[in-house]
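The structure appears right after this line, and notes come after that.
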Amino acid sequence: MYYAVISDVHANREALDAVLRDIEKREITDIYFLGDAVGYGPEPNECISLLKEACHDLLAGNHDWGACGLTDISFFNPHARAAIEWTREALIPDHTEFLRSLPAIAVYRNQDITCAHATPYEPEQWHYLLSHADAELNFRHCDTRLCFIGHSHQPFIMEQLPSGELLTYHEKAPLHPERRYIINAGSVGQPRDRDPRSSYTVIDGKKVEIVRVSYDIESTQKKMSTAGLPYSLIERLSHGM
Ligand code: ZN
């Protein structure tokens with residue numbers, strides 16, 4: 001049991017390259033992707049190709065389904081919507097079809113893990129899991145020991161003790177055989193926890209770790225600006241929020 005979980009790439013090629021290099025250095029070959037390959041960033045086709053090649057299994061996020069017409073984007077904020085409309089034009093037809101084929105949740109019984117873009121509870125409604133109350137609800141709707149999520153772009157490890165008590169970690173945690181875990185892998189391409197470095201997760205049999213990786217933010221920002229993507233989306237990459 002040695003694998004990586006990555007999420008929310010959002011068409012940021014520089015960030016994805018940096019994370020895949022870091023994973024390769026650790027000699028990890030098993031990579032799970034939790035969705036949102038596209039949206040916000042300037043290189044959706046390149047990122048889909050890289051993810052297809054590198055990952056064991058892929059899920060869709062709300063931006064992926066928005067870009068291929070499976071999710072109504074009228075509820076997106078105006079900048080996210082503008083980026084999705086740009087993405088729809090940029091995607092090659094094969095990639096649009098590919099995004100349409102991806103599910104929002106998958107359960108891997110042999111590894112005892114659930115992967116969902118948003119939450120195991122109503123995965124296609126794109127709920128956020130932020131509080132202990134949200135976590136309790138989702139532990140009840142998940143029957144594996146480990147559950148990986150993305151979507152909020154805010155990494156954390158939530159541990160449920162046999163008593164039901166919940167503990168939260170932000171960097172790493174030992175994996176206890178009698179406890180259960182919901183782990184938010186954070187975002188590769190648009191972190192929102194005030195740390196602009198890419199975030200992803202590494203798991204071995206004994207522990208889970210949230211890894212941060214620096215990437216060439218300015219290069220992504222230049223490409224976004226050339227593509228005419230909204231200024232606020234370009235600017236937020238510098239601040240990680
Ligand atoms: Zn996202």
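Sequence positions, counted from 1, serve as the residue numbers for this chain. Whatever order the structure lists them in is the order used to number ligands and atoms, beginning at 1. As the structure is a computational prediction, the values presented were derived from the model and not from experiment.
- Counting non-hydrogen atoms of neighbouring residues, nucleotides and ligands closer than 6.0 angstrom, the CD atom of Glu85 exceeds 12 such neighbours.
- For Asp36, the N/O/S atom at the shortest distance from the Zn ion (ligand 1) is named OD2.
- Sorting the N, O or S atoms of His153 by how far they are from the Zn ion (ligand 1) puts NE2 first.
- Of all N/O/S atoms in His10, NE2 sits nearest the Zn ion (ligand 1).
- Summary: OD1 is the N/O/S atom of Asp8 found nearest to the Zn ion (ligand 1).
- For Arg109 and Asp143, the salt-bridge test passes: some basic side-chain N is under 4.0 Å from an acidic carboxylate O.
- Side-chain atoms of Thr119 and Asp134 include no donor-acceptor pair closer than 3.5 Å.
- Remark: side-chain polar atoms of Tyr2 are paired, donor with acceptor, to backbone N or O of Arg26 under 3.5 angstrom.
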